[in-house]
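The structure under discussion appears below in the form of C-alpha cells.
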Amino acid sequence: MRAASGRGSRTLRSTRSSRACDRGPVPKGKTHHWVRPELVAEVEYKELTEQGLARHPSFNRFRSDKAASECRVDETAADAAAAAVEEPIPVAVVEERTVPFTNLDKVFWPAEGYTKGDLIEYHRQVAERMLPYLQDRPLVMTRYPDGIEGKSFFQKDAPPYAPDWFRRVTLWSEGSERELSYFVAEDLESLLYVINLGTIPLHIWSSRIETLALPDWCILDLDPKEAPFENVVDIARQLHEICEEISLPSFAKTSGSSGIHVLVPLGRQLTYDQSRTLAQLLARVVVAKLPLTATLTRSPDRRDGKVYIDFVQNGHGRLLAAPFTVRPLAGATVSAPLQWREVNKRLRIADHTIASVPRRMRRLGEDPLRPVLDLEPDLLGALDRLTRWFD
DNA sequence: GTTACGC
DNA sequence: GCGTAACAACGCTGG
DNA sequence: CCAGCG
C-alpha cells in the first residue's frame with residue numbers, strides 16, 4: 001500500500017443541483033453556484049422566496065430513482081414565482097459538499113505504517129461496494145483519532161459541527177432518555193467525512209430507517225475466542241449446508257477480527273424477535289450436528305474451547321460490523337464478503353486487509369454478499385423444513 | 001478529531 | 001491560552 | 001435485582 005502523497009489537507013469537492021436549473025446568474029449578493037442538473041435530491045425548505053428559491057433548505061436524500069430531466073417546478077412554486085418575477089426561475093438548491101481531509105500522514109497502524117490517508121484511500125476504492133449496506137441505516141462510529149494504539153470511543157450522536165448536508169436520523173435512546181441524531185451515509189462524501197473523523201470500524205443496524213422493526217437479514221456470529229479457526233470454518237459450512245437443505249439463501253463474510261458472520265436474507269418479513277428465534281433454531285441444529293466444536297454457551301469460561309454461535313445479535317438497536325469495514329487490529333483487516341467456496345481450510349481472516357480487498361473486489365467483479373439486501377426467501381417454507389429436525 | 005468549559 | 005472532558009447501550013443469562 | 005457479555 002502506498003502512503004498518501006502530498007501534504008497538508010486535500011479536499012473532496014462536489015457540487016450538485018437538486019432540481020433542474022440552467023438559468024442565468026443568481027441575484028447579485030448570493031453565492032450560489034449554478035451547475036448543469038445531473039443528480040436529483042429531495043430537499044425540505046421553510047418556504048419559497050419571491051425568486052422561487054428555497055429558503056432554509058436542508059438536504060434530505062438523493063433520489064436515484066428520478067432523472068434530473070423528470071424534475072419540474074411544482075405548480076404552486078411556479079405560480080408564486082411567475083407572479084413575483086417576469087421570468088420564473090425554477091426551484092433550485094445547490095449542494096456544495098466539501099470534505100477537507102486532515103492529518104493524512106498520521107500513522108494509524110504503526111506496525112504496517114498505514115496512515116489515515118491510506119484508510120481514506122481504501123474507503124474511496126470500496127465505496128461503491130460498501131455504500132449499499134450503509135444506505136438508509138443509522139451509523140455508529142468507533143473513533144480512533146490517534147490510530148489503533150490511541151484512545152478510542154464509540155459515537156452514535158452525530159457531532160453538531162458536522163456539515164449540514166450530512167443526512168441524519170433522530171432516534172430515541174431508551175437508556176440515556178434522549179434523542180440521538182445518527183449519521184446516515186449516503187454517498188462517497190459522507191463516507192469519507194466519517195472516516196476523516198478518525199472512524200475505523202463502522203457499525204450498522206440490520207434494519208433500515210423506514211422499516212426499523214424489520215431487519216433485512218438474520219445474522220449468526222461465529223466467534224471462536226480460543227477455538228481453532230478451522231472449527232469456525234466447519235461450522236459456517238455446516239450452517240450453509242443446513243440452509244441449502246431448507247432452500248434458505250445464506251451468505252458469509254469474515255468478521256475482520258477472528259470469526260465469520262453468516263447472514264440469511266429476510267426481505268423484511270420478520271421482526272427482530274422472530275429473526276432471533278430463527279437464528280437460535282439454526283444454531284441448535286448446528287450444535288446438534290457438531291456438538292464437539294459448537295456451543296450456545298454465552299459464558300466464555302464455559303465454552304470448553306468450542307466456537308460460540310451468537311444468535312442474540314438479532315435485536316432492536318443491536319449492531320454489526322458493516323461489510324468492508326476496517327478493524328482497529330494489526331494488519332488493518334476488513335470484514336470481507338466471501339463466496340461459499342472460499343470458506344475452506346485455506347481461509348485466513350488476515351488475508352483480507354485494506355491492502356488486498358480493493359484488488360480482490362476488482363478481480364471478483366461482483367460482491368458475493370450483495371444479494372442479502374434484496375432477496376425475499378420463502379421463510380415459512382424454510383421454517384417448516386427446518387423444524388423437522390426437532391421431531 | 002473537534003468542541004466546550006474552567007481556570 | 002491551555003488542559004481536559006465528552007463523545008454508547010440493550011437484551012440476555014447466570015448468580 | 002445486579003453484573004457480565006457481545
Side-chain angles (χ1 to χ4, degrees), chain A residues 8-9 99-108 115-117 119-120 137-163 166 168-183 192-207 212-213 215 218-227 232 255-262 271-277 279-280 283-284 295-304 306-321 327-329 335:
Chain A
S9 304
V99 181
F101 298 128
T102 52
N103 301 308
L104 291 176
D105 295 330
K106 189 187 271 197
V107 175
F108 268 31
T115 63
K116 191 182 167 200
L119 184 63
I120 289 172
R137 288 170 217 285
L139 194 69
V140 176
M141 304 166 278
T142 311
R143 296 176 55 187
Y144 290 77
D146 297 313
I148 67 170
E149 291 176 2
K151 288 252 172 293
S152 68
F153 56 94
F154 289 94
Q155 193 168 19
K156 294 189 170 180
D157 211 9
Y161 54 80
F166 208 129
R168 293 156 164 90
V169 61
T170 299
L171 299 178
W172 179 255
S173 160
E174 204 56 61
S176 55
E177 295 199 316
R178 65 193 176 103
E179 307 217 287
L180 297 176
S181 174
Y182 290 79
F183 276 144
L192 297 190
Y193 182 85
V194 300
I195 300 305
N196 184 63
L197 249 20
T199 305
I200 301 183
L202 295 176
H203 287 84
I204 54 174
W205 289 40
S206 292
S207 52
L212 258 196
C218 170
I219 178 172
L220 291 107
D221 180 2
L222 311 183
D223 178 12
K225 279 290 188 299
E226 321 281 80
V232 176
S255 76
S257 45
S258 58
I260 293 177
H261 292 163
V262 175
T271 63
Y272 274 113
D273 241 40
Q274 295 166 328
S275 171
R276 190 186 316 127
T277 302
Q280 182 171 23
R284 286 170 62 181
T295 180
L296 297 181
T297 305
R298 227 136 301 210
S299 168
D301 45 334
R302 299 195 174 180
R303 282 184 202 160
D304 208 18
K306 297 174 186 172
V307 176
Y308 171 51
I309 306 178
D310 184 3
F311 60 87
V312 187
Q313 208 168 317
N314 299 287
H316 185 267
R318 311 212 71 156
L319 307 166
L320 80 150
R327 295 315 188 106
L329 301 174
S335 180

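Order of the sequence lines sets the chain letters (A, B, ...), proteins ahead of strands, with each chain counted from 1. As the structure is a computational prediction, the values presented were derived from the model and not from experiment.
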### Task
For B:dA4 versus C:dA8, give the span between their P atoms, rounded off to a whole number of Å.
16 Å
Holding to salt bridge (Lys or Arg N to Asp or Glu O under 4.0 Å), I want the full list of residues that pass it with [X], two or more places apart in sequence or in another chain.
X: A:Asp221; result: none
X: A:Asp310; result: none
X: A:Arg137; result: A:Asp216
X: A:Arg276; result: A:Asp273

### Task
To the nearest Å, give me how far apart NZ (A:Lys225) and C1' (D:dC5) are.
9 Å
### Query
Can you tell me how far P of C:dC10 sits from CG of A:Leu212, to the nearest Å?
13 Å
Under 4.0 angstrom, heavy atoms only, what part of the nucleic acid is [X] near: base, sugar-phosphate, or nothing?
X: A:Pro300; value: sugar-phosphate
X: A:Lys151; value: nothing
X: A:Phe108; value: sugar-phosphate

## Note on the structure
Hits for side chain to side chain contact (heavy atoms under 4.5 Å, CB included) against A:Ala279, two or more places apart or cross-chain, chain-then-number order -> A:Cys218, A:Leu220, A:Phe311, A:Asn314
### Qualifying salt bridge (Lys or Arg N to Asp or Glu O under 4.0 Å) pairs, either residue in residues 146-163 of chain A, two or more places apart
A:Lys106-A:Asp146, A:Asp157-A:Arg178
Using the 3.5 Å cut-off, write out each protein N or O paired with an N or O of nucleotides 5-9 of chain C and the distance between them.
{"residue": "C:dA8", "atom": "OP1", "partner": "A:Lys156", "partner atom": "N", "Å": "3.1"}
{"residue": "C:dA8", "atom": "OP1", "partner": "A:Asp157", "partner atom": "N", "Å": "3.1"}
{"residue": "C:dA8", "atom": "OP2", "partner": "A:Arg178", "partner atom": "NH2", "Å": "2.8"}
{"residue": "C:dA9", "atom": "OP1", "partner": "A:Ser173", "partner atom": "OG", "Å": "2.9"}
{"residue": "C:dA9", "atom": "OP1", "partner": "A:Ser176", "partner atom": "OG", "Å": "3.3"}

### Message
Strictly by Watson-Crick or wobble contacts shorter than 3.5 Å, is anything paired with C:dA9, and which nucleotide is it?
### Response
none
Distances for protein N/O vs nucleotides 11-14 of chain C N/O pairs under 3.5 angstrom?
{"residue": "C:dC12", "atom": "OP1", "partner": "A:Arg276", "partner atom": "NH1", "Å": "2.5"}

### Query
Angle class for the A:His203/A:Phe154 ring planes (parallel below 30°, perpendicular above 60°, tilted otherwise)?
tilted
### Query
By ring-ring contact (aromatic ring centres under 6.0 Å, His included), which residues pair with A:Phe183, not counting sequence neighbours?
A:Phe166
